[in-house]
Enquirer: 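Starting off with a structure, shown below.
Convention: sequence-line order gives letters A, B, ...; per-chain numbering from 1.
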Number of protein chains: 2
Amino acid sequence: MNDELFNLIERLANLLRQETRLEGLSLGLQPIQQEALYYLSTCNRYSDTTLAVTEFLGLTKGTVSQSLKVLENKSLIIRQKDEKDKRITHLKVTNSGQAFLAKTCPPQKFSSAVKNLSTHEQDETKDLLYKLLNNYQEVTGRTAFGVCKNCKFNQNTPEGIRCGLTFETLSLDDVKLICKEYST
Amino acid sequence: MNDELFNLIERLANLLRQETRLEGLSLGLQPIQQEALYYLSTCNRYSDTTLAVTEFLGLTKGTVSQSLKVLENKSLIIRQKDEKDKRITHLKVTNSGQAFLAKTCPPQKFSSAVKNLSTHEQDETKDLLYKLLNNYQEVTGRTAFGVCKNCKFNQNTPEGIRCGLTFETLSLDDVKLICKEYST
DNA sequence: TCAAATATGTTTTGACTCGATACTATTAAA
DNA sequence: TTTAATAGTATCGAGTCAAAACATATTTGA
């Protein structure tokens, strides 16, 4: 059974990677670079660093550093030094980066395939994969990476939404993003 | 929605790849080489060629040829010339190849994660991913790769099970394997 | 019948990925 | 104030990958 699930996920991932390779051809972007760019477009301001990308992709920081350099050279991201901690550099997706992602991510044929499932099936698949991923992340002991508003540190106070870790106020857009400190 | 599904599959695949990398360390096997070996252990005698592996992994035949050379050098597979068509070479997994796969494929932590789902959830996930993969393969126009016994060419005659394409008799083990001619 | 087209597969080349290691700079801790 | 930890970059070598050229074997078709 886990055999079959393993096989299915591998094959879906192979197809995705293949389509991603084609979509990235126009800008000369490799699959892994597109994944990094996509992640940066979905994460919040606590999670837009080289190290966060490293944990998310499951690679080493040296490797990721190189991929990010490519994205910067192509003006798809820009670097912003952190105000308080000068070791940290924030990575922000530029407008042309957003434009590229809007066209290519998720790949068109994948979206078509998803649309051929019923709405109920789509929801069901999402829930189940989410459970599986959570289990897997727990077993491997990795950073969970979840959506801010579902996090146990997320506090809805009379003065607005707040993060219980940083004590900063969060906007309605903020809480939709992915955070590396996510915990349940 | 397809955004979320895309993201989930990518992340599961990243974790799998990472674990695969670790598991392959003992034999010096790269993730893609392990995937090829795993495929060869699950496919039938019509689908154990360089070209079939190429289609399955979605790479080019030159690339795959190199990965297979590594597997052969490590005595995890052997080559068998086809009797009828001398262009074709069949790739068979050796005993040590099978032993390696039994230990590492699917990765242990992934299996643990799957076991934390209920039996019903596991079945449900499998069915949904199977549907999604089928849709995706259809949209991309790729070879489907399905299990022999579910194929429209599979014929259950009084003289035994037969393939309607090759007209060869199939054993009970044969029909459990993956075939590149699979069609519904 | 026999040349042209097609199919299976290998080899080579160059761009890129990746982990490992060593390195710099900044911050935290003892 | 040393010492350790954190964030990140640079370099190296092994390996992936697509593309192209190549070698054989089979099929097609005039």
Enquirer: Under 4.0 Å, counting only non-hydrogen atoms across every strand here, what does B/K61 touch: a base, just sugar-phosphate, or nothing?
Expert: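 It contacts base atoms.
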Enquirer: What is the distance, rounded to the nearest whole Å, between atom OH of B/Y46 and atom P of C/dA7?
Expert: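 Between P of C/dA7 and OH of B/Y46: 21 Å.
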Enquirer: Return the 5'-most residue of the pair A/R21, A/H90 with respect to DNA chain D, ranking by each residue's nearest nucleotide.
Expert: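 It is A/H90 whose nearest nucleotide is closer to the 5' end.
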Enquirer: Which is true for A/K81 with a 4.0 Å heavy-atom rule: it touches a base, it touches only sugar-phosphate, or it touches nothing?
Expert: nothing
Enquirer: For a quick check under 3.5 Å, do A/E138 and B/N116 share a side-chain donor-acceptor pair by atom type?
Expert: no
Enquirer: Assign each of B/I88 and A/T60 to its nearest nucleotide of DNA chain C by heavy atoms, then name whichever residue's nucleotide is nearer the 5' end.
Expert: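 Mapping each residue to its closest nucleotide by heavy atoms, the 5'-most match is B/I88.
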Enquirer: At 4.0 Å (heavy atoms only), tell me whether B/Q18 reaches a base, stays on the sugar-phosphate, or touches nothing.
Expert: nothing
Enquirer: Both B/V70 and A/L25 contact DNA chain D. Which one's nearest nucleotide lies toward the 5' end?
Expert: B/V70
Enquirer: Are B/K84 and D/dA25 close enough that a side-chain N or O sits under 4.0 Å from OP1 or OP2?
Expert: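 Indeed not, no polar side-chain atom of B/K84 lies that close.
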Enquirer: Please work out if B/T50 contacts a base, only the sugar-phosphate, or nothing of the nucleic acid, heavy-atom cut-off 4.0 Å.
Expert: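 Sugar-phosphate contact only - B/T50 comes under 4.0 Å of backbone atoms but never of a base.
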Enquirer: Can you find a donor-acceptor pair, distance only, under 3.5 Å between A/R87 side chain and D/dT6 base?
Expert: yes
Enquirer: Output the rounded distance in Å from CD1 (A/I32) to C1' (D/dG15).
Expert: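 In whole Å, D/dG15 C1' lies 15 Å from A/I32 CD1.
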Enquirer: In Å and rounded to the nearest 0.5 Å, what is the CD to CZ distance from B/E19 to B/F110?
Expert: 9.0 Å
Enquirer: Can you tell me if the side-chain N/O atoms of A/R79 get under 4.0 Å from OP1 or OP2 in D/dT9?
Expert: yes
Enquirer: Answer yes when A/K131 and B/E121 have at least one side-chain N-carboxylate O distance shorter than 4.0 Å, and no when they do not.
Expert: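 Yes, A/K131 and B/E121 are salt-bridged.
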Enquirer: Closer than 4.0 angstrom, basic N to acidic O: yes or no for B/R17 and B/E35?
Expert: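 Salt bridge present between B/R17 and B/E35.
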Enquirer: Quick check on the 6.0 Å ring-centre criterion: do B/F145 and B/Y39 meet it?
Expert: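 Yes, they do, as the ring centres are separated by less than 6.0 Å.
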Enquirer: Rounded to whole angstroms, how far apart are CG on A/D82 and P on C/dT27?
Expert: 9 Å
Enquirer: Separation of A/K69 atom NZ from D/dA7 atom P, in whole Å?
Expert: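 The answer, rounded to whole Å, is 21 Å.
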Enquirer: So what does A/T49 touch, heavy atoms closer than 4.0 Å: a base, only the sugar-phosphate, or nothing?
Expert: sugar-phosphate
Enquirer: In whole angstrom, what separates B/L68's CG from C/dT8's P?
Expert: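 Spelled out: CG on B/L68 to P on C/dT8 is 15 Å.
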Enquirer: Is B/Q33 near enough to D/dT16 that one of its side-chain N or O atoms lies under 4.0 angstrom from OP1 or OP2?
Expert: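 For D/dT16, OP1 or OP2 has a side-chain N or O of B/Q33 closer than 4.0 Å.
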Enquirer: Is a salt bridge present between A/D85 and A/R87, judged by a nitrogen-to-oxygen distance below 4.0 Å?
Expert: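 Looking at A/D85 and A/R87, the cut-off is met.
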Enquirer: Can you identify which nucleotide, out of C/dC16, C/dT27, D/dT16, has its nearest atom closest to the A/Q30 side chain?
Expert: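 Nearest listed nucleotide: C/dC16.
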Enquirer: Considering only D/dT9, C/dT13, D/dC12, which nucleotide approaches the side chain of A/Q66 most closely?
Expert: D/dC12
Enquirer: Under 4.0 Å, heavy atoms only, any strand: does A/T89 hit a base, just the sugar-phosphate, or nothing?
Expert: sugar-phosphate
Enquirer: Without decimals, in angstroms, what is the distance between B/D48 CG and C/dG9 C1'?
Expert: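 Atom-to-atom, B/D48 to C/dG9, this comes out as 14 Å.
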Enquirer: What integer distance in Å separates A/K86:NZ from D/dT9:C1'?
Expert: 19 Å
Enquirer: Closest approach to the side chain of B/T63, judged atom by atom: which nucleotide of D/dA18, C/dT26, C/dT10 is it?
Expert: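 Out of D/dA18, C/dT26, C/dT10, the nucleotide with an atom closest to B/T63's side chain is D/dA18.
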Enquirer: Would you kindly give the CG-to-C1' distance between A/L51 and D/dT9, to the nearest whole Å?
Expert: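 One finds 12 Å between C1' of D/dT9 and CG of A/L51, rounded.
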